[in-house]
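Since this is a predicted model, take the numbers as computed values, not measurements. Note that ligands are numbered from 1 as they come in the structure, with each ligand's atoms numbered from 1 the same way.
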Amino acid sequence: MAELKDYNSPILPTWCPGCGDFAIWSALKQALVAEGFGPKDICLCFDIGCNGNMADKINAYAFKGLHGRVIPTASGIHLANKGLPVIAIAGDGGTFDEGMQHFVHAIRSNYNVTFIVHNNCDFGLTTGQATPTTWEGQKMNSAPHGVVEKRLNPIKLALSLGADFVARGFTGNLQQLVKLLQAGIRHNGFSYVDILQHCPTYNHFQDHIWLSERVYDIETKPDYKNDRDYAYSISEISEDGVATGILFQNEASTSYLDKLSYRSAYQTSLKDEVKNYEINESLKMFR
Ligand code: SF4
């Protein structure tokens, strides 16, 4: 039986005081323990950014790759070893700037990967540049006169691409965050968990207090229904409120590997099958 202490790393976090990364770090470990996974039962894939600094602060199998490329890494690991739960973790900058195309195709393909975005509306590690989720007009270090581009709504994007699991959490509600991550891990297919995260150092427009005063659980809405169009209609972050929870889930989702009918009789993973082939000659080309 896995315990929280199994995930302890001797390397302590270096995030700024008050950073939302602490809550996501804690929620992820709690969700994994609640799902019965020990550090050797899962694979965590990290992107570059303050979020990626979690890679050695949690004792588990982890992979940290190039900026914006965490989804292909995670998808590859999943496709090679279908029995291994894979969780990809990135920021809003890496996901919706450098890695946008991977987000689009992962949703289309519906790989069975849980994708967590630390959405703090800025590039924190490189000192407060704007990302696609930064508010229009907001002054940032890369836009001293204010951001001129329209703000991207990742929830609308995911829903319009046909994502079968779309959730939004908030680092000020740890209990809900754990439940969302558990649900995302259990979902069969690509699960997107967008986490509104406080960055006290560079985000002074959508801060912890602003969010705390506006977040609500979608299931408390009298007209709530688990419906793609309904989720789309309440997905804006606005003065009037910020919906959190599982915004939409298709519980009959069929993942990429499930759709490969010609592999339905296979009991093995690609990682086993590749051993049946002699690849040393091919590898010589890369030496
Ligand atoms: Fe957190 Fe922002 Fe500091 Fe990065 S820069 S560690 S996101 S508070």
Side-chain angles (χ1 to χ4, degrees), residues 7-31 44-59 62 64-71 87-100 103 115-144 146-147 151-152 154-155 168-174 176-178 180-181 192-215 237 242 244:
Y7 287 95
N8 284 353
S9 162
I11 303 167
L12 295 177
T14 52
W15 299 309
C16 310
C19 176
D21 284 345
F22 288 100
I24 301 172
W25 180 55
S26 176
L28 178 59
K29 291 186 282 185
Q30 288 187 48
L44 305 177
C45 299
F46 292 91
D47 206 73
I48 303 296
C50 296
N51 67 85
N53 288 349
M54 194 189 293
D56 56 3
K57 317 293 186 297
I58 182 164
N59 174 44
K64 189 170 177 181
L66 297 175
H67 199 187
R69 313 300 164 204
V70 71
I71 288 178
I87 299 167
I89 298 150
D92 47 294
T95 302
F96 302 114
D97 259 331
E98 291 89 344
M100 177 62 104
F103 185 73
F115 185 45
I116 302 171
V117 169
H118 293 223
N119 188 353
N120 59 14
C121 308
D122 66 49
F123 283 108
L125 191 68
T126 47
T127 68
Q129 292 79 21
T131 70
T133 60
T134 308
W135 293 11
E136 191 175 346
Q138 187 60 41
K139 291 182 180 170
M140 302 296 289
N141 284 343
S142 57
V147 173
R151 178 170 50 144
L152 177 89
I155 301 294
R168 182 194 273 147
F170 166 48
T171 50
N173 188 344
L174 193 61
Q176 182 198 43
L177 210 46
V178 174
L180 296 180
L181 294 177
Y192 174 48
V193 185
D194 184 271
I195 303 178
L196 300 176
Q197 177 210 338
H198 186 204
C199 169
T201 308
Y202 297 112
N203 181 335
H204 304 293
F205 47 98
Q206 185 181 293
D207 62 17
H208 188 77
I209 293 174
W210 192 93
L211 284 167
S212 299
E213 289 172 347
R214 288 164 182 80
V215 288
I237 292 175
V242 178
T244 62

Peer 1: Can you list, by chain and residue number, the protein N, O or S atoms under 2.8 Å from atom 2 (Fe) of ligand 1?
Peer 2: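 Listed by chain and number, the nearby protein N, O or S atoms are Cys199 SG.
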
Peer 1: Sub-3.5 Å donor-acceptor pair from the side chain of Trp15 to the main-chain atoms of Cys50, do we have one?
Peer 2: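 Checked: pair present.
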
Peer 1: Go through the steps to decide whether Asp194 and Asn119 satisfy the test side-chain hydrogen bond (donor to acceptor under 3.5 Å, both in side chains), and finish with yes or no.
Peer 2: CA-CA 6 Å; Asp194 184 271; Asn119 188 353; 3.2 Å; yes

Peer 1: For Asn141 and Thr127, indicate whether the former's side chain and the latter's backbone hold a donor-acceptor pair under 3.5 Å.
Peer 2: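 Pair found, side chain donor or acceptor close to backbone of Thr127.
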
Peer 1: Counting C-beta onward and ignoring hydrogens, is there a side-chain heavy-atom pair between Arg214 and Phe170 closer than 4.5 Å?
Peer 2: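 Not in contact.
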
Peer 1: For the residue pair Thr133 and Gln206, establish whether any side-chain heavy-atom pair is separated by less than 4.5 Å.
Peer 2: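 The answer is no, as the side chains (C-beta and beyond) never meet within the 4.5 Å cut-off.
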
Peer 1: Quick check: does any side chain N or O of Asp92 sit under 3.5 Å from a backbone N or O of Asn120, one acting as donor and the other as acceptor?
Peer 2: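 Indeed, once roles are kept as given, a pair shorter than 3.5 Å links the two residues.
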
